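Note on naming: letters A, B, ... go to the chains in the order of the sequence lines (proteins, then strands), and numbering restarts at 1 for each one. Note that these values count all heavy atoms, side chains included, but never hydrogens, waters or copies made by symmetry. Computed from a prediction, not measured in an experiment: that's the story for all the values here.
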Amino acid sequence: MNFSVPFEIENSPFFLPSDFKETLDGGQSFRWREVGENAFEGVFEDIAARLLLNGRGKVCAQVPEGFDQEKCAKKIADFLDAERDYAKITKNHKDERVVKAAKRFPTLRILRQTPQEAIICFICSSSKRIVQIKQCVSLLSEKLGDEIAPNFHALPNFEKIADAPIEILRDCKLGFRADYLKRTAQKIVSDKFNPESLREMPYQEAKKYLLSLSGVGEKVADCILLFGAAKFEAFPVDTWISKSMAALYDLKTPKDARAFASKQFGANAGYIQQLLFADIRSNP
DNA sequence: CCCCAGGTGGGAG
DNA sequence: CTCCCACCTGGG
């Protein structure tokens, strides 16, 4: 597999190495694997890439032979949400707990995945560890997705999943999630629902639809909306965030945590969630 | 061998 | 509405 010579992503955001890793491989996406110092290989949409961090904290990319570098550079910048000013969100934030987490992860970002990728990956994620989720998603891509470059597979679309024999999904080590995924794919196909439309829908309406899908509850719906549709008001509460919210704010239930986040963090709750998540996971 | 993990669904209380 | 536990599977 021949990669192009590395080229710098113009207008790449600045990353500290630790935040680069946390962003790509910290639970937002399950499609990246570390291949060396500050280097990750992975796939998003129909792009395969190796992403590197140069000495100035800028992202450089290598893409497979035959990939249009200019087009890929633009897509990678979008994927890294290059346009958004994250520092502004936490600068002068009134909550010192948020400021403290932001200081530990000053260049953390939210990846802009597609709704389709997020729906598939987060249905696979329930009650699993990151390494296991990555394995499932990778198997799913290998068995049902298109090979977009040698040994790089895109995720399958919902038609493919809907039509796949359940045994194939079982072979992806999905366990009980295999039925969730197949039922969800079938529903999306029969509804003629375009996942991309989630981006345009208001948060509540989008969430309502997602909750009608099999294997999608509050937590998974919020992950899909935050990581797959850039809805920053989404505040996914998993066990880590539950712990964090209990420790920092004495909030005992996911419901309380969501209500608090919506009220106190508002339109940027999702980013603050990611900071608190990274923080409590790094020193529990 | 036993236990649980970055949840959800469905039934009981 | 809130509990509670089964659900697959791999790894500790």
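C:dG11 and B:dT8 are spaced 23 Å apart, taking the C1' atom of each and rounding to whole Å. Comparing B:dG6 with C:dT2, their P atoms are spaced 24 Å from each other, to the whole Å.
Atom CD of A:Glu8 is surrounded by more than 12 heavy atoms from other residues, nucleotides or ligands within 6.0 Å.
Aromatic ring orientation, A:Phe232 versus A:Tyr271: parallel (interplanar angle below 30°, classes split at 30° and 60°).
A donor-acceptor contact under 3.5 angstrom links the side chains of A:Asp256 and A:Thr253, judged on distance only. Side-chain atoms of A:Tyr86 and A:Asp81 include a donor-acceptor pair closer than 3.5 Å. Looking only at atom types and distance, the side chain of A:Arg33 has no donor-acceptor partner in the side chain of A:Ser138 under 3.5 Å away.
The pair A:Arg199-A:Glu196 counts as a salt bridge, with a side-chain nitrogen and a carboxylate oxygen less than 4.0 angstrom apart. Remark: A:Asp279 does not engage A:Arg97 in a salt bridge, criterion side-chain N to carboxylate O under 4.0 Å.
Contacts between residues 16-24 of chain A and DNA chain B, defined by a heavy-atom separation below 4.0 Å, involve no residue at all. In the region residues 210-232 of chain A, proximity to DNA chain C at under 4.0 angstrom, judged on heavy atoms, holds for none of the residues.
Annotation: A:Phe20 is in aromatic contact with A:Phe40 [ring centroid separation under 6.0 Å]. The aromatic ring centres of A:Phe227 and A:Phe122 sit less than 6.0 Å apart.
Rounded to an integer number of Å, the gap from CD of A:Gln135 to C1' of C:dT9 is 10 Å. Going from atom CZ of A:Arg183 over to atom C1' of B:dT8 covers 11 Å, rounded to whole Å. Regarding A:Tyr180, its OH atom lies at a distance of 4 Å from the C1' atom of B:dT8, rounded to whole Å. One atom, CG of A:Leu181, and another, C1' of C:dC7, lie 16 Å apart when rounded to the nearest Å. Between the CD1 atom of A:Ile130 and the C1' atom of C:dG11 there is a distance of 15 Å, rounded to whole Å.
For C:dC7, the paired base is B:dG7 (Watson-Crick or G-U wobble, both distances below 3.5 Å).
Residues A:Leu226 and A:Ile110 share a closest heavy-atom pair of O-CG2, 3.9 Å. Across all non-hydrogen atoms, the minimal contact from A:Trp240 to A:Asp238 is N-OD1, 2.8 Å.
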When you compare the protein's N or O atoms with those of nucleotides 2-5 of chain B, which come within less than 3.5 Å of each other, and at what distance?
from	atom 1	to	atom 2	distance (Å)
B:dA5	O4'	A:Arg129	NH2	3.4

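The residue A:Ile241 sits apart from the nucleic acid: no heavy atom pair falls under 4.0 Å.
Listed candidates were B:dG9, C:dC8, B:dG6. Nearest to the side chain of A:Phe176 is C:dC8.
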